[in-house]
Amino acid sequence: MWSLCFSGAMAVITTTGLARTFTSARGPVEAVRGIDLTVRRGEILGFLGPNGAGKTTTLRMLTTLLTPTGGSATVAGCDLVTDPAGVRRGSGYVAQSGGVDPSVSVREELITQGRLYRLTKAAAADRAAELAHDLGLTDLLEHRTAALSGGQRRRLDLALGLTHRPEVLFLDEPTTGLDPGSRAALWELVRRIRAEHGTTVFLTTHYLDEADALADRLVIVDQGVVVAEGTPDALKRAHAGSADASLQDAFLAITGRGTAPQDEAPLAV
Amino acid sequence: MSPSRPVPLSSALSGFLSDTALIFGRYARQTLRSRLQMLFGLLMPLLYLLFFGPLLTGLRLGPSGTSSWQSLVPGLLLQLGLFGAAFCGFGILIEKQYGVVERMRVTPVSRPALLLGRVLRDTAVLVLQSGLLVAAAVAMGLRAPLPGILIGFVFVAVLTVALASLSYALALKVSTPQEFAPVVNAVTLPSMLLSGLLLPMALGPVWLDALSHVMPLRYLVDAVRAAFAGDYTAPAMLHGVLAALALAAVSVVLCGRAFRKTAA
Ligand SMILES: Nc1ncnc2c1ncn2[C@@H]1O[C@H](COP(=O)(O)OP(=O)(O)O)[C@@H](O)[C@H]1O
Ligand SMILES: [Mg+2]
């Protein structure tokens, strides 16, 4: 239980050849085909790619939900395969679909989450109040989660993922389906979480504007492999001519797609 | 799967127990919020009790000196358990779509507790419903010894543990209710008919009686009928106990395997 995993001073996540092949009725599906990456402490990493690129599959491996079929990885210093419990302690995960029951109240979800992380009843109640305060949910505590707006729901999802003060926070498509105002507010919130707690944030997105606005560094994936990485500015300079160019131009230059008419918008702007 | 570091047994056990209580509480509250659903589950056996039971009152279905109610009510109890437990997986299917299952699986919560807490809730609900059903049956004219009735509840509980586990295992494997429901229907209805839940199989032709002996549920219902007749030492009772335990053991093992597989 008391395993201590030491992440290096710099790298909080490392993956080497991380791969996952699904077996389906129509044969094997190579969703992720060998990903090598390093995420530095306190970094906001944007894992950017079109739908079906393998982003969610990568995240589900890094959060111990899915066993890799190849390669290895450490998260918060713990090995994915030999110490999944350590990985779970050191990281929080907010899935694209969130993870709350619509019939349950905000307070009950927050307290249950604390108890799932083995807090005592009193500690879980305190933590729930604290998270509600930090994420602007205090007035909503007695509401059923079904009654929340999209932005409020997302803040609750974040609160659940932050319950155990993880070193690393995984966010899968955090703003998909939100209105522009709520998206901007969520970006601000993610920046604040990083600034206040030094949390490393690994977020997937297929929105170029989100990657551009929020991420310190981007890893671009396509068809299960990393096709480019760097800061948004560096990628624009390298692949689209100048830092003023759009990331869309850079993406198209990198993947060589989007020119044929049947390739309808791989990414949303 | 290999726990890399030794965990003190006592702390693993207390974690498992408190996690089970936590999960049980969460789903028990969910049930209490939807009391209507609880009555809904009782509807089918109550309808049989009201509109089928009276047809049997003149018939001799069990040993002499017993009423037809002592044959019918045990069957209705196990029917309640059969249909109630077999559809339990529906709940987890819906939760999977909300992402609740994965949200819980990234926490340190004990994997078996995620399952056991749910199964215990289901068992409590079905035993409670059984109590209501027997109360209604007594109002209709059932007379049976109290120990026999309590034995009946125990059989309902073991059946629920077994079938709810299988139902959860299935629900973890499939991804939509459209894949789940046909399988459950294909199992429950033949089980009900071939186990003699409505009328004792001994009344039927030899081939049907023989066929019913491959159904584990047949031994359970015969045992509960013996219990309701006050015949606690009948061979049927021993066979029922063995069949119930075997069914529960196989189901829990299968379900544990399914849960470990998806729980990586
Ligand atoms: N459980 C699964 N079984 C079979 N194929 C899957 C499964 N999950 C994902 N895939 C396939 O893997 C590929 C990558 O999916 P995913 O990781 O969800 O992509 P993204 O999140 O980037 O949109 C897709 O082709 C998808 O259909
Ligand atoms: Mg995805």
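Computation of the quantities below employed the complete heavy-atom set of this structure, encompassing side-chain atoms and omitting hydrogens, waters and symmetry-equivalent molecules. Every chain is numbered from 1 and lettered A, B, ... according to where its sequence line falls, protein lines coming before strand lines.
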Can you tell me how far apart [atom1] ([X]) and [atom2] ([Y]) are? Round to the nearest 0.5 Å.
X: A:Arg118; Y: B:Leu22; atom1: CZ; atom2: CG; answer: 9.5 Å
X: A:Leu65; Y: B:Glu102; atom1: CG; atom2: CD; answer: 4.5 Å
X: B:Arg103; Y: A:Glu109; atom1: CZ; atom2: CD; answer: 4.0 Å
X: B:Arg105; Y: A:Thr63; atom1: CZ; atom2: OG1; answer: 9.0 Å
X: B:Arg33; Y: A:Ser105; atom1: CZ; atom2: OG; answer: 7.5 Å

#### Entry: Distance-minimising heavy-atom pair for B:Val106 and A:Tyr117
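Nearest pair, atom of B:Val106 first, then A:Tyr117: O-OH, 3.8 Å.
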### Task
Provide the closest heavy-atom pair for B:Tyr98 versus A:Val100 in the form atom of the first, atom of the second, distance.
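Result for this residue pair: CB-O, 3.8 Å.
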### Query
Which members of residues 84-97 of chain B, sorted by number, sit under 4.5 angstrom from chain A on a heavy-atom basis?
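If one takes a 4.5 Å heavy-atom cut-off, the residues of residues 84-97 of chain B near chain A are B:Glu95, B:Gln97.
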### Query
Would you say B:Leu43 has more than 12 foreign heavy atoms packed within less than 6.0 Å of its CG?
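Yes, enclosed.
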Just give me the residue among [options] that pairs up with chain B most often, heavy atom to heavy atom, under 4.5 Å.
options: A:Gly92, A:Gly98, A:Ser97; answer: A:Ser97
options: A:Gly99, A:Ser91, A:Ala95; answer: A:Gly99
options: A:Asp157, A:Leu116, A:Leu160; answer: A:Leu116
options: A:Gln96, A:Gln113, A:His164; answer: A:Gln113

#### Entry: Heavy-atom proximity to chain A below 4.5 Å, by part of B:Ser34
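Looking at B:Ser34, nothing touches chain A.
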### Task
Could you name each residue pair satisfying ring-ring contact (aromatic ring centres under 6.0 Å, His included) that touches residues 77-102 of chain A, not counting sequence neighbours?
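ring-ring contact (aromatic ring centres under 6.0 Å, His included) check on residues 77-102 of chain A returns no pairs.
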Please tabulate, for the side chains in residues 180-190 of chain B, all donor-acceptor contacts under 3.5 angstrom to protein atoms that are two or more places apart in sequence or on a different chain.
residue	atom	partner	partner atom	Å
B:Asn185	ND2	B:Ala181	O	3.3
B:Thr188	OG1	B:Val184	O	2.9

### Under the side-chain hydrogen bond (donor to acceptor under 3.5 Å, both in side chains) test, residues paired with A:Glu142 that sit two or more places apart
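Scan of A:Glu142 (side-chain hydrogen bond (donor to acceptor under 3.5 Å, both in side chains), adjacent residues dropped) gives A:Arg107.
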### Task
Name the option with the most non-hydrogen atom pairs under 4.5 Å to chain A; the candidates are B:Val101, B:Asp19, B:Ile23.
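Sorted descending by pairs with chain A, the first entry is B:Asp19.
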### Message
Taking side chain as everything from C-beta outward and backbone as N, CA, C, O, which of these in A:Glu108 sits under 4.5 Å from a heavy atom of chain B? Side chain, backbone, both or neither.
### Response
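The answer is the side chain of A:Glu108.
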